[in-house]
> 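I have a structure here, written as structure tokens, and I will follow up with some questions on it.
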Amino acid sequence: MNYLIIIFQIIVALSILNVWLIQNKKPTKWRGGKAKTIIEEFEVYGLSKQMCYIIGFFKVTLAILLLVAIWFPVVKQPAALGLAAFLLGSIAMHIKIKDPLFKSFPAALFLVLCLCIAFL
């Protein structure tokens with residue numbers, strides 16, 4: 001089970017880092033509304049550019065902490081629960097703008113993985 005949780009940590013962390021650091025200026029089918037970048041996505045949600053940077057900072061930091069937690073397990077649960085809260089917020093934003101349900105899939109999947117990381 002321990003190896004499975006570590007795999008979950010790696011999957012979630014690398015996915016979050018990919019979205020925020022590599023794919024942030026590229027269109028994807030998962031973006032809210034018709035946004036093509038992460039900044040546009042936040043605008044669609046009614047959130048400011050500054051809020052995008054703040055949330056991005058916390059998501060990237062928590063993702064890095066999930067990787068650090070492989071060697072320092074004491075940070076695993078706080079990092080996973082912190083990311084879970086942000087992922088719940090992501091789902092809420094998709095619902096707020098009445099996005100099709102499939103656009104919430106990555107956030108929902110990573111939310112479940114974070115809860116598994118935190119509690120298993």
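Quantities reported herein were computed from a predicted structural model and do not represent experimental measurements.
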> Taking all heavy atoms of Leu87 and all of Cys114, pick out the closest pair and write down the distance.
CD1-SG, 4.0 Å
> Is there side-chain contact between Leu65 and Lys76, with heavy atoms separated by less than 4.5 Å?
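Counting from C-beta outward, Leu65 and Lys76 never come under 4.5 Å.
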> Counting N and O atoms only, with roles assigned by atom type, does the side chain of Glu41 sit under 3.5 Å from a partner on the main chain of Ala35, one being a donor and the other an acceptor?
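Pair absent, no side-chain N/O of Glu41 close to backbone of Ala35.
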> Leu115: which residues meet the side-chain contact (heavy atoms from CB on, under 4.5 Å) condition with it, sequence neighbours left out?
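By the side-chain contact (heavy atoms from CB on, under 4.5 Å) rule, Leu115 matches Leu81, Ala84, Leu111, Phe119.
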> Output the distance between atom CD1 (Ile6) and atom CD1 (Ile117), rounded to the nearest 0.5 Å.
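Reported value, rounded in 0.5 Å steps: 10.5 Å.
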> Can you list the residues that meet the side-chain hydrogen bond (donor to acceptor under 3.5 Å, both in side chains) rule with Lys59, with sequence neighbours excluded?
Ser90
> Decide yes or no for Ser15 and Phe110: does some side-chain heavy atom of the first lie under 4.5 Å from some side-chain heavy atom of the second?
yes
> Return a table of donor-acceptor pairs under 3.5 angstrom between the side chains of residues 66-73 and protein atoms on other chains or two or more places apart.
none

> Within the structure provided, determine whether Cys52 and Leu47 are in side-chain contact (heavy-atom separation under 4.5 Å).
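No - every pair of side-chain heavy atoms lies 4.5 Å or more apart.
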> Is there a side-chain contact between Leu4 and Leu120 (heavy atoms, below 4.5 Å)?
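Side chain of Leu4 against side chain of Leu120, heavy atoms only: no contact under 4.5 Å found.
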> Cut-off 3.5 Å, no hydrogens considered: what does the side-chain donor-acceptor table look like for residues 18-28, sequence neighbours left out?
| unit_1 | atom_1 | unit_2 | atom_2 | d |
| --- | --- | --- | --- | --- |
| Asn24 | ND2 | Trp20 | O | 3.4 |
| Thr28 | OG1 | Trp30 | N | 3.2 |

> Who passes side-chain contact (heavy atoms from CB on, under 4.5 Å) against Lys49, sequence neighbours left out?
Ile39, Tyr53
> When hydrophobic residues are tied together by side-chain contacts of less than 4.5 Å, even through go-betweens, does Leu109 share a cluster with Val112?
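Unlinked, Leu109 and Val112 end up in two clusters.
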> Applying side-chain hydrogen bond (donor to acceptor under 3.5 Å, both in side chains), which residue pairs with at least one partner in residues 109-120 are found, sequence neighbours left out?
none
> Count I, L, V, M, F, W, Y as connected when their side-chain heavy atoms are under 4.5 Å apart, and connections chain through other members. Are Ile5 and Leu14 then in the same cluster?
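Yes: a chain of side-chain contacts under 4.5 Å links Ile5 to Leu14.
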> Without placing hydrogens or testing angles, list every side-chain donor-acceptor pair under 3.5 Å for residues 95-108, not counting sequence neighbours.
| unit_1 | atom_1 | unit_2 | atom_2 | d |
| --- | --- | --- | --- | --- |
| Lys96 | NZ | Tyr45 | O | 2.6 |
| Asp99 | OD1 | Gly33 | N | 3.0 |
| Asp99 | OD2 | Gly33 | N | 3.3 |
| Asp99 | OD2 | His94 | ND1 | 2.6 |
| Lys103 | NZ | Arg31 | O | 2.8 |
| Lys103 | NZ | Gly33 | O | 2.7 |

